[in-house]
Amino acid sequence: MVPENITMKYSDKLLHSIKNTGSLLCVGLDPNPEQIPTQLQNSCSGTIELVEKFCLHVIDATSESCCAYKPNLAFFEALGGDGLSLFERILHAIPDGKIVIADAKRGDIGSTAIQYKKAYFDLFDVDAITLNPLMGFDTLDPFMSYPGKAVYTLVLTSNPGSNDLLKRRFEGRGSLAEFIADQLNRKSATVDTHLGMVTGATDPSSLQNVLSVYPEASLLIPGIGSQGGTIRDLLPALKGHKGIPIITSSRSILYGEVDDRNWKSAIADRAKQMKRELEIVTTSYV
């Protein structure tokens, strides 16, 4: 992984990667040992070796089709003490020029947030991280002085539980999600780090309302594929949005037939297909 180039803004790094690949696809690295093809399981002596080989195969199979990778920390933490060491090795295996987003969803008071910042921005040196703002916007502050990095803040998630809080009316806004987007927009004018948003694709009408509040935000968009969102439904919401959207896919790309002997080529084919399907969006940004 290339060390952060402090002379290049995050949005420029992202656009450079998109232009090099012709793709808005972000491949999520969610290595679930139980779903990894049996053929690979049978060739490995333990779970760490299995997950490492699987991630390396995925990166090799998809690197021509994506602009970014999003390793999900939960799948590495579940491996115990060796999991974070493996996470770091996977980061170093990602090709130069790719955007690397740590899917951590952290969010805590300042003293704790500082430690998360030291871990992911300083030690692991990822390009971006996902954060949860529900303990307050001050939880973002330790991450705010990095021009070459981004924070993707959870705003409108793709899970059904987003109805519980994020889609409820709040402070005169149509939803809490819109309020969060507005606060991020205001905060973005005073910080160095790029403040992006995680905005799911499963509710296009709510998404459109959120994007109208913060039209400059880079977007990390889950929910296409296995969660039910479609690219066609996403188009109206993205029309005219100035920030760069990257569409993340994990399960839809990583897992097909468990016993598929051609599983690696199948992963490559699914990534290529997703890249092709996204071209209708990509042409608006490159």
Side-chain angles (χ1 to χ4, degrees), residues 10 14 26 28-30 68 70-75 77 99-110 112-113 116-117 119-121 126-144 146 149-171 173-188 191 193-224 227-229 234 237-238 241 243-250:
Y10 174 80
L14 176 58
C26 171
L29 298 177
D30 297 13
K70 182 176 66 67
N72 187 325
L73 267 298
F75 290 87
E77 291 170 357
I99 294 295
V100 179
I101 303 167
D103 191 3
K105 300 182 181 70
R106 302 296 195 251
D108 212 325
I109 62 171
T112 305
Y116 286 138
K117 183 271 299 184
Y120 294 103
F121 274 9
V126 297
D127 297 301
I129 188 172
T130 61
L131 296 180
N132 187 332
L134 292 182
M135 280 186 66
F137 295 101
D138 60 326
T139 63
L140 308 180
D141 288 343
F143 298 85
M144 293 293 97
Y146 293 79
K149 296 185 182 295
V151 164
Y152 285 99
T153 307
L154 302 184
V155 175
L156 182 66
T157 57
S158 56
N159 61 309
S162 62
N163 293 315
D164 297 342
L165 295 173
L166 295 173
K167 292 183 183 178
R168 291 183 178 271
R169 295 186 63 84
F170 186 79
E171 291 289 317
R173 287 282 182 180
S175 67
L176 175 57
E178 291 177 33
F179 176 82
I180 295 172
D182 177 62
Q183 295 301 303
L184 293 176
N185 189 17
R186 295 169 186 267
K187 194 176 185 70
S188 68
V191 300
T193 302
H194 182 82
L195 275 176
M197 301 191 293
V198 178
T199 52
T202 50
D203 186 351
S205 60
S206 295
L207 173 60
Q208 196 162 21
N209 293 335
V210 167
L211 299 190
S212 68
V213 177
Y214 187 9
E216 304 289 340
S218 292
L219 306 174
L220 182 63
I221 304 179
I224 296 292
Q227 294 185 59
L234 191 61
L238 290 177
H241 185 73
I244 300 174
I246 53 177
I247 288 78
T248 180
S249 181
S250 302

Heavy atoms of Pro215 and Ser212 approach each other most closely as CD-O, 3.9 Å

For the side-chain contact (heavy atoms from CB on, under 4.5 Å) test, which of Thr130, Val191, Leu131 pairs with Val151? Leu131

Side-chain heavy atoms of Tyr120 within contact of Leu73, under 4.5 Å: yes

Would you say the side chain of Phe137 lies within less than 4.5 Å of the side chain of Ile180, judging by non-hydrogen atoms? yes

Would the distance check show the side chain of His241 and the main-chain N or O of Gln208 forming a donor-acceptor pair, the cut-off being under 3.5 Å? no

Taking the side chain as C-beta and beyond, is there a heavy-atom pair between Phe121 and Val126 under 4.5 Å? yes

Treating Asp127 as the side-chain partner and Val100 as the backbone partner, does any N or O pair qualify as donor plus acceptor under 3.5 Å? yes

Result of checking Leu238, Ile246, Thr248 against Ile221 for side-chain contact (heavy atoms from CB on, under 4.5 Å): Leu238

Roughly how far, to the nearest 0.5 Å, is the CG atom of Asp164 from the CG atom of Asn159? 8.5 Å

Looking at Thr202 and Ser158, what are the two nearest heavy atoms and their distance? OG1-O, 3.2 Å

Any side-chain heavy-atom pair from Val198 and Pro222 closer than 4.5 angstrom? yes

Option among Asp138, Asp182, Asp141 that satisfies the salt bridge (Lys or Arg N to Asp or Glu O under 4.0 Å) test with Lys187: Asp141

Please work out which of the three classes, parallel, tilted or perpendicular, describes the rings of His194 and Tyr10, given edges at 30° and 60°. parallel

For Pro142 versus Gly110, what's the shortest heavy-atom pair and its separation? CG-O, 4.0 Å

Can you measure from CG (Leu219) to CD1 (Ile247) and round to the nearest 0.5 angstrom? 8.0 Å

Let's go through Met197 and Leu211 carefully: what are the C-alpha distance in whole Å and the side-chain angles of both, what is the deciding distance for side-chain contact (heavy atoms from CB on, under 4.5 Å) to 0.1 Å, and is it a yes or a no? CA-CA 9 Å; Met197 301 191 293; Leu211 299 190; 3.9 Å; yes

When rounded to the nearest 0.5 angstrom, what distance separates CG in Asp103 from OG in Ser250? 7.5 Å

Decide side-chain contact (heavy atoms from CB on, under 4.5 Å) for Thr139 and Leu134; before the verdict, give the C-alpha distance in whole Å, the side-chain angles of both, and the deciding distance to 0.1 Å. CA-CA 9 Å; Thr139 63; Leu134 292 182; over 6 Å; no

Mind checking what makes side chain to side chain contact (heavy atoms under 4.5 Å, CB included) contact with Arg169, not counting sequence neighbours? none

Between Gly196 and Leu184, the two heavy atoms sitting closest are O-CD1, 4.2 Å

Would Leu154 and Leu166 count as a side-chain contact (heavy atoms from CB on, under 4.5 Å) if you check the C-alpha gap in whole Å, the side-chain angles of each, and the deciding distance to 0.1 Å? CA-CA 10 Å; Leu154 302 184; Leu166 295 173; 5.8 Å; no

Spell out, as yes or no, whether a donor-acceptor pair under 3.5 Å connects the side chain of Tyr214 to the backbone of Leu195. yes

Closer than 3.5 angstrom, by distance alone: can the side chain of Asn209 be matched with the main-chain N or O of Ser206 as a donor-acceptor pair? no

side-chain contact (heavy atoms from CB on, under 4.5 Å) assessment of Arg173 paired with Val213: CA-CA 10 Å; Arg173 287 282 182 180; Val213 177; 3.7 Å; yes

Interatomic spacing from CG in Leu176 to CD in Glu171 - rounded to 0.5 Å: 9.5 Å

To the nearest 0.5 Å, tell me how far Thr153 OG1 sits from Gln183 CD. 12.0 Å

Between Thr193 (side chain) and Phe143 (backbone), is there a donor-acceptor pair under 3.5 Å? yes

To check you understand the geometry: which heavy-atom pair defines the closest contact between Gly200 and Leu207, and what is its length? O-CD2, 3.9 Å

Distance check, rounded to the nearest 0.5 Å: Lys167 atom NZ versus Thr157 atom OG1? 8.0 Å

